[in-house]
Every structure is written in C-alpha cells, then in structure tokens.
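Presented below is the structure to which this report refers.
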Amino acid sequence: MSTLARERRAAGRPVGAPDPVPFLDLGAAYAELRDELDAAALRVLHSGWYVLGPEVEAFERAFADWVGVREAAGCASGLDALTLALRALGIGPGDEVVVPSNTYIATWLAVTAAGATVVPVEPDPDTHAMTPDAVAAALGPRTAAVLTVHLHGRVAPDARALRALCDRHGLALVEDAAQAHGAAGAGAIGHAAAFSFYPSKNLGAQGDAGAVTTDDPALAERVRMLRNYGSRERYRNDEAGINSRLDPLQAAMLAVKLPHVHAWNARRRALAERYDAALRDRVPGLRLPVLPADAATHVWHLYVVRVRGGAPERERLRERLADAGIATQVHYPVPPHASGAYAALGLGPYPVAQRLADEVLSLPIGPHLEPWAVDRVAEVLGA
Ligand SMILES: Cc1ncc(COP(=O)(O)O)c(C=O)c1O
C-alpha cells in the first residue's frame with residue numbers, strides 16, 4: 001500500500017475515493033476550540049458590555065505581549081488598522097507613502113483613505129518584497145512613510161534594513177502584518193504595524209477585526225482616540241475620527257485563539273515543508289516559494305507557487321486540481337494599479353507585479369489540513 005493510502009486509511013478515509021481538499025477549513029478551527037469559544041461568547045453576551053471595555057482591554061494587553069511590543073490598539077479591520085496607524089503618525093494630504101506594487105489592495109487603500117499618495121515600488125521577483133535600494137530610489141521630498149508588507153506570512157526579508165533606512169531619513173516605517181501573526185519580528189520592527197483578524201488569517205476572529213501594534217504609547221493613544229470618533233472624553237471630539245472599535249465579542253474569540261497560534265503556525269510550516277519535499281524539481285513549469293533560512297520568519301499564511309506560462313496555463317492547472325476536488329485561489333489576479341480603484345491614476349507599468357499576478361497560484365494550506373491532502377495535491381500536479 002502506498003504511503004498516501006496508508007495515511008488516508010489511518011485518518012479513517014476510504015482509499016479508493018479521494019475526499020475533496022478544501023482551500024481552508026474555518027469550521028475545523030472552531031470545532032477544535034468550540035467549548036472555550038462558546039463559553040467566551042456567552043460571557044460577553046451575559047456581561048451587558050458590548051462596546052470596548054474589559055474584553056477589548058484584556059485582548060489588547062495579551063496581543064501586545066505576544067507580539068513583543070508595549071501597546072496594541074484594537075479596531076474593526078486590518079484596513080482600518082493600517083489607515084489608523086498612518087493617520088496617528090500624522091500622515092495625510094500632501095504626503096507620499098512608498099508601497100509595494102504587488103500587494104493586497106488594502107495596503108494602498110489605507111494610504112489613500114488617510115489622504116496621502118501611493119508611490120509604488122516593484123518587488124524583488126524572488127522574495128516578492130521591496131529591497132532597500134528600490135525603496136531608497138523612490139524617496140523624495142514629500143515621502144513621509146514606507147509601508148512594508150509581510151506577504152504570504154513571511155516577514156519582508158529586508159524589513160530591518162528598511163527600518164534603518166527610515167530612521168536615517170526621519171520617515172515612519174509601517175508594517176502590513178495582516179498575513180504574518182507569529183512570524184519572528186512581525187509587528188515589532190516598524191514604528192507601527194497593522195494586523196488583520198479576518199477569519200481566514202493565522203489568527204482569525206469570527207468576523208472582522210484588526211489591531212495596531214507599536215512601542216510608542218502616545219501613538220497607541222492616538223489610534224484609540226481616532227478609532228473612537230476622535231474622542232478622548234465622551235462627546236468631546238479633538239479630531240475627525242472614525243468609528244472602528246474592536247468588538248468585545250471578537251476580542252473574546254481572539255483571546256481564546258491567541259495561545260494556539262504558534263502551534264497552528266508550526267502545522268502550517270510542516271505542510272509547507274511537505275509541499276517542498278514533494279514538489280521541488282519534480283513538476284516542470286512550477287516555481288516553489290523559498291523556505292527562508294530562519295524558518296521562524298515565515299508562518300505560511302499562504303503557500304504560493306508560480307506557474308510558468310502565466311494565466312492561461314495557471315487556469316488549466318486550476319481546472320485539473322478542481323476536477324480532482326482540490327480548491328485553489330489566486331492572491332491576487334489584478335495588481336492594485338490595474339484595478340478599477342486606481343486605473344484612473346495611470347500608474348505603472350509595473351511588469352514584476354503584473355507577472356506575479358499572472359503566475360501566482362495558492363495551494364491549500366492551513367492548521368487543520370492533513371498531510372495526506374498535500375500528497376494528494378502533489379500527486380495531481382504530477383509530482
Ligand atoms: C496584506 C493585507 N493587508 C491588509 C488586509 C486587510 O485586512 P482586512 O480584510 O481585515 O481589512 C489584508 C487582508 O484582507 C491583507 O492580506
């Protein structure tokens with residue numbers, strides 16, 4: 001019997017009829033902690049306290065300690081966390097913010113929501129991250145900040161060099177850590193960092209949520225003021241803020257899940273290594289993600305391969321996988337500059353971002369995916 005068949009039998013699955021492989025099973029994460037999550041939700045419902053308050057404060061304290069910074073300020077989403085971090089840093093109209101040309105559009109949306117201007121920089125095609133040289137070349141008299149993104153769960157390899165560059169030029173470094181909970185350094189390298197707790201993230205809520213982390217208590221205090229209508233004292237509004245408070249129900253869910261994230265990340269890492277062992281040099285036309293020398297710097301939010309031959313070949317591969325019951329996704333098919341949101345600005349061309357958008361394919365990965373599923377994906381890919 002093959003290893004695959006043995007593992008499937010051990011997992012109680014029929015050998016003859018392959019089970020579908022979901023892209024990510026959010027129900028499994030709930031099932032693992034159901035009793036604790038249910039109890040925490042009921043505690044909030046029974047408390048009569050539904051906006052900010054002790055649940056939010058307790059999670060903020062726990063998350064700051066976990067990230068290794070002095071402060072965490074909760075808010076309603078990762079996009080709001082990015083926007084609030086920029087606004088709290090004083091970035092607004094007339095300022096330029098350096099951003100990667102290849103990122104989820106929320107990175108750019110935060111800059112424009114703050115009233116500032118995006119200055120896109122092409123990434124290194126191998127690491128998918130901006131290099132300090134490319135960022136330095138994009139700096140100008142109006143640059144106020146650099147926004148680095150820990151894409152796919154890997155801390156941007158040059159994040160610390162970018163911090164040094166920003167410090168030398170009196171600029172703010174903001175980390176988009178939406179995909180990198182628990183990666184070594186994530187959230188503690190920049191002057192501020194933004195996390196998303198969207199349900200599919202490595203630490204996900206049961207709905208939308210986000211947080212800003214920082215070592216600067218004054219900055220955290222400004223985020224808390226801006227997230228609450230610009231108010232420090234009820235019905236006194238110092239600035240034109242927004243309503244983006246972390247929901248206590250979500251804070252309670254996140255507090256239950258937080259102690260499990262490192263173990264979940266270890267499972268993701270093991271699956272990424274299994275993909276690497278199964279696929280490397282075995283599937284012509286597939287380029288695999290780099291396993292970083294320091295494994296702790298990558299938490300494998302996504303396992304993203306590149307398909308030589310671009311979008312048409314990728315579609316063929318996706319169909320083959322879908323026919324075998326294997327779900328895949330594309331993160332992301334359209335780079336921000338080419339999206340409807342920014343097309344009118346006429347930015348670009350950004351050939352590296354465009355090429356990545358044409359070639360990337362995300363294979364299933366998650367803390368509750370079983371190893372046999374990786375072997376099955378590899379088998380269908382022809383490894
Ligand atoms: C890189 C990146 N930045 C920002 C965000 C925005 O987070 P949210 O969906 O919580 O607004 C996300 C996730 O959606 C993301 O992946």
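Counting starts at 1 for both ligands and their atoms, following the listed order. FYI, the numbering just counts along the sequence from 1.
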Backbone or side chain, does any N or O of Tyr104 fall under 3.5 Å from an N or O of ligand 1?
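Between Tyr104 and ligand 1 (N or O atoms, distance only) the closest approach is not under 3.5 Å.
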Around [atom], find the nearest protein heavy atom and jot down its residue, atom name and distance.
{"atom": "atom 9 (O) of ligand 1", "result": "Ser196 OG, 4.0 Å"}
{"atom": "atom 1 (C) of ligand 1", "result": "Asp176 OD2, 3.5 Å"}
{"atom": "atom 11 (O) of ligand 1", "result": "Leu79 N, 2.8 Å"}
{"atom": "atom 14 (O) of ligand 1", "result": "Lys201 NZ, 3.1 Å"}
{"atom": "atom 16 (O) of ligand 1", "result": "Gln179 NE2, 2.8 Å"}

For Pro364 and Ala327, which heavy atoms make the closest approach, and how far apart are they?
CG-O, 3.2 Å
Residues sharing Leu219's hydrophobic cluster, by side-chain heavy-atom contacts under 4.5 Å among ILVMFWY, directly or via others?
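Noted: Leu219 shares its cluster with Leu79, Leu82, Leu86, Leu89, Ile91, Val97, Val99, Tyr104, Ile105, Trp108, Leu109, Val111, Val118, Leu147, Val174, Tyr332, Tyr342, Leu345, Leu347, Tyr350.
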Is Asp238 salt-bridged to Arg232, cutoff N-O under 4.0 Å?
yes
Could you tell me whether Arg287 and Asp126 make a salt bridge, using a distance below 4.0 angstrom between a side-chain N and a carboxylate O?
yes
Has Tyr332 got any heavy atom lying under 4.0 angstrom from an atom of ligand 1?
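The answer is yes, since Tyr332 has a heavy atom less than 4.0 Å from ligand 1.
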In ligand 1, which numbered atoms sit nearer than 4.0 Å to a non-hydrogen atom of Ala178?
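Every atom of ligand 1 under 4.0 Å from some heavy atom of Ala178: 2 (C), 3 (N), 4 (C), 5 (C), 12 (C), 15 (C).
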Mark up the atoms of ligand 1 that fall under 4.0 Å of a heavy atom belonging to Ala106, in ascending order.
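Once the distances to Ala106 are compared, the set is 4 (C), 5 (C), 6 (C).
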Evaluate the salt bridge (Lys or Arg N to Asp or Glu O under 4.0 Å) criterion for residues Arg316 and Glu319: first the C-alpha distance (whole Å), next the side-chain angles of each, then the deciding distance (0.1 Å), finally the verdict.
CA-CA 5 Å; Arg316 273 194 287 279; Glu319 268 170 40; over 6 Å; no
With heavy-atom distances below 4.5 Å as the criterion, would you say the side chains of Arg245 and Asn228 are in contact?
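Sidechains of Asn228 and Arg245: in contact.
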Taking the six-membered ring for Trp, are His181 and Phe195 parallel (under 30°), tilted (30 to 60°) or perpendicular (over 60°)?
tilted
Mode of Trp108 contact toward ligand 1 - side chain, backbone, both, neither (heavy atoms, under 4.0 Å):
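Neither part.
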